[in-house]
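A short write-up of the structure that comes next.
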Amino acid sequence: MTKHEIADVLNEIALLLELKGENPFKIRAYQSGARVIESLEQPELERLLAANELLTVKGIGEALAKKIAELHTTGKLEFLEKLRATIAPGLVELLQIPGVGPKKIKVLHEQLGVVDIASLAAACADGRVAALAGFGAKTQEKIVAGIKNREAYGRRHLWWEAWQVAQPIVAGLRALPQVKRAEAAGSLRRGLETVGDLDFIVSATEIEPVVSWFVGLSDVQEVTARGETKTSVRFVTGLQADLRLVPDEQFIFALHHFTGSKDHNVQMRQRALARGLTLSEWGLEPVTAATSESSASPSSSLTAAAGAGEAAAPRARRPKRAGAPADAASGDPARGSVATEADLFARLGLHFIPPELREGMGEIEAAEHGELPTLVDLPDLRGTFHCHTTASDGRNTLAEMATAAASAGWEYLGIADHSKSSFQANGLTEQRLLEQVEAIRVFNASGRCRTHVFAGTECDILPDGRLDFDEALLRKLDYVVASVHSTFALDEAAMTARIIRAIEHPCTTMLGHLTGRLLLRRDGYRVDAGKIIDAAIAHGVIIEINAAPKRLDMDWRHWRKATARGLLTSINPDAHETAELAYVRAGINTARKGWLTKAQVFNTRSLAEVKAAFLARRRAG
DNA sequence: GCCGTTTTCGGCCCGACTGTTTTCAGTCG
């Protein structure tokens with residue numbers, strides 16, 4: 001069983017336990033177990049299982065280790081079979097409805113016999129839901145709307161599309177006279193490949209004008225929440241956005257809180273607690289009787305609670321708000337000196353952690369030891385490869401693409417049109433490719449454009465692993481991107497062997513989109529990424545980060561380990577028109593999330609260095 | 001269910017918003 005399958009099982013157990021109303025900490029243990037398994041490489045997992053050392057992994061205890069071993073050897077898990085049998089299968093999908101959680105599902109199931117979305121809709125239709133204790137007309141109304149819209153609401157959005165929406169909103173917020181600072185936070189700021197909703201963090205002198213502007217945005221379809229510090233809207237596209245208003249002295253805490261992943265935030269808070277501090281979106285404060293009272297068991301700090309109870313009850317949990325007197329910054333050393341996120345990290349003994357790394361995947365330990373890399377950034381790029389022209393399925397000519405690259409300030413641009421087997425993309429025949437190579441030589445010689453153009457191909461990897469052009473022709477090119485575009489249905493072993501054969505070809509410079517996935521639309525073909533990475537390293541082949549927002553392939557989760565072993569990447573936009581050259585911005589997200597430095601990205605090299613590398617490779621081949 | 005230079009038992013991150021209540025539970029992030 002693969003690590004993904006094992007993780008899926010653990011997550012399913014967590015979901016089912018949630019529906020049963022189990023101890024939330026037990027549920028969390030299964031979820032974190034799933035994440036830990038995902039973060040291991042398959043061979044490492046195999047080794048741990050074989051050596052019976054799963055218990056050495058943090059987050060895996062006796063119970064999980066036993067279940068994982070059972071899954072691995074038998075492919076099944078008795079515990080899960082039994083658990084499934086106790087829960088109506090249709091109840092799981094009810095969790096997709098906003099505002100409906102495990103507790104409500106339990107009541108709906110036990111009192112109304114609801115077993116799936118259809119029976120819930122029926123119960124709403126005749127008013128039985130509104131009549132339940134703890135429910136009401138509004139709840140029923142929300143459930144009806146949630147059922148109706150669950151497809152649009154549940155959808156995630158490509159990072160690039162969310163970014164297009166968010167940028168003008170941030171600019172608009174900053175332009176308001178009441179606004180002091182405004183940022184987009186959330187998974188968007190972390191550069192995640194898909195985004196669930198948008199989070200805007202704003203500090204302002206006045207609340208009302210900012211909220212009014214926000215809910216008045218032209219694409220707002222519905223205002224779903226409007227409170228003192230949080231306002232939520234739903235756009236016509238189904239994308240949801242939260243606006244959070246905080247006093248300026250708390251801006252950094254809110255920004256950090258709403259940027260980090262759940263795991264990152266939990267780890268940061270635990271770190272704060274270990275230092276006698278409590279961290280929240282409101283600030284960083286010493287742990288006091290009042291703050292510990294809310295979470296401590298009733299038996300603890302009885303004397304302190306008696307004293308703090310009457311006066312502090314409302315204030316302790318809700319420390320400061322927008323518009324409240326700004327007594328927070330004055331005189332409190334735990335908060336007063338935090339003016340930037342770097343200050344916040346420093347307060348906890350950490351180097352600054354870039355937003356892209358805040359996933360709770362080892363960044364805090366690295367920041368503690370000063371071992372965070374200096375991440376590659378957009379200005380480091382000096383050119384790119386894997387771009388198409390009208391010769392195959394692009395929409396701009398060679399000259400137009402080169403001119404656009406020059407406008408971006410790039411020293412070079414690699415053209416890689418499709419090869420002949422990609423009929424659907426108007427792939428080039430041998431003859432047309434030779435004509436294109438000649439056209440590129442002429443173009444470079446003309447001096448029309450200060451950006452040098454490299455002649456390449458995006459050469460199909462045929463089903464048996466051969467390349468679509470013969471070696472003699474490929475040797476006439478500057479470089480070759482080898483990609484799979486057909487026969488996706490091979491099993492993992494066959495697909496892996498196919499790609500490795502292409503990597504072993506002496507003319508292959510780069511491997512295109514490793515898995516062929518289309519985000520939110522189709523999974524990639526199954527490959528053993530570890531084996532392919534090893535082969536690429538052994539043969540000096542680059543694996544691209546295909547920066548097309550719908551691909552972002554190879555996935556960022558592989559890169560940290562891959563580059564530690566010596567893999568090189570190139571951030572390639574797979575541009576089919578001039579505007580799409582900007583996709584490298586999305587590829588930079590992937591690279592940064594993969595902890596990559598400038599040195600690990602081939603297209604940060606100068607024109608002379610790239611020419612030399614291509615020349616050396618041809619000689620070696 | 002996991003974990004431990006204060007613990008092998010008793011903790012486990014923190015707070016906002018809504019809807020339903022009349023002080024709080026459930027949900028969400």
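All chains are named by letter (A, B, ...) in the order of the sequence lines, taking the proteins before the strands, and each is independently numbered beginning at 1.
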Which pairs of donor and acceptor atoms, one on a side chain in residues 253-260 of chain A, lie under 3.5 Å apart (sequence neighbours left out)?
from	atom 1	to	atom 2	distance (Å)
A:H256	NE2	A:H264	NE2	3.1
A:H257	ND1	A:R269	NH2	2.9
A:T259	OG1	A:R189	NH1	2.9
A:T259	OG1	A:L255	O	2.6

Whole-Å [atom1] distance, [N] and [M]:
N	M	atom1	answer
B:dT22	B:dC28	C1'	24 Å
B:dC2	B:dT7	C1'	14 Å
B:dT21	B:dT27	P	15 Å
B:dG10	B:dG15	C1'	24 Å
B:dG19	B:dT23	C1'	13 Å
B:dG11	B:dA16	P	24 Å
B:dC14	B:dC9	C1'	24 Å
B:dT6	B:dG1	P	27 Å

Once salt bridge (charged side-chain N to carboxylate O under 4.0 Å, His left out) is applied, do any residues pair with [X], and if so which ones, sequence neighbours excluded?
X	answer
A:K82	A:E78
A:E208	A:R226
A:E161	none

ask   = Can you name the side chain to side chain contact (heavy atoms under 4.5 Å, CB included) partners of A:L83, sequence neighbours left out?
value = A:I13, A:L16, A:L17, A:K20, A:F79, A:T86

Quick test of your reading of the model: are [X] and [Y] salt-bridged, counting only N-O distances below 4.0 Å?
X	Y	answer
A:D555	A:R517	yes
A:E12	A:R84	yes
A:E141	A:K138	no
A:E183	A:R174	yes

Do any side-chain nitrogens or oxygens of [X] fall under 4.0 Å of OP1 or OP2 in [N]?
X	N	answer
A:T278	B:dC14	yes
A:T139	B:dT20	yes
A:T229	B:dG15	no

remark   = Judged by nearest nucleotide, the residue sitting upstream toward the 5' end of DNA chain B, A:L64 or A:G227, is A:L64

Residue mapping more 5' on DNA chain B - nearest nucleotide basis, A:R226 or A:V266 = A:V266

Using atom [atom1] of [X] as one end and atom [atom2] of [N] as the other, report the distance to the nearest whole Å.
X	N	atom1	atom2	value
A:I68	B:dG1	CD1	P	13 Å
A:E22	B:dC12	CD	C1'	15 Å
A:E18	B:dG1	CD	C1'	15 Å
A:L273	B:dC14	CG	C1'	10 Å
A:K20	B:dG1	NZ	P	13 Å

Using a cut-off of 4.0 Å on non-hydrogen atoms, how would the nucleic acid contact of [X] be classed: base, sugar-phosphate, or nothing?
X	answer
A:I27	nothing
A:E62	sugar-phosphate
A:A137	sugar-phosphate
A:K66	nothing

What pairs with [X] under side chain to side chain donor-acceptor pair (under 3.5 Å), at least two apart in sequence or on another chain?
X	answer
A:T2	A:E5
A:D126	A:R128
A:K67	A:Y30
A:S232	A:D242

For nucleotides 3-5 of chain B, list the nitrogen or oxygen atoms of the protein found under 3.5 Å from its nitrogen or oxygen atoms, one pair per line.
from	atom 1	to	atom 2	distance (Å)
B:dC3	OP1	A:G59	N	2.3

message = Given B:dC12, B:dG1, B:dA16, identify the nucleotide with an atom nearest to the side chain of A:W282.
response = B:dA16

Nearest to side-chain heavy atoms of A:S280, which nucleotide of B:dC2, B:dG15, B:dT18 = B:dG15

ask   = Near DNA chain B, which residues from residues 108-132 of chain A have a heavy atom under 4.0 Å away?
value = none

remark   = Checking N1-N3 plus N6-O4 or O6-N4 for Watson-Crick, or N1-O2 and O6-N3 for wobble, each under 3.5 Å, the partner of B:dT27 is B:dA16

Expected rows: protein N/O vs nucleotides 24-29 of chain B N/O, under 3.5 Å:
from	atom 1	to	atom 2	distance (Å)
B:dT27	OP1	A:G101	N	2.8
B:dT27	OP1	A:G101	O	2.9
B:dT27	OP1	A:K104	N	2.8
B:dT27	OP2	A:K103	N	3.1
B:dC28	OP1	A:G99	N	2.7

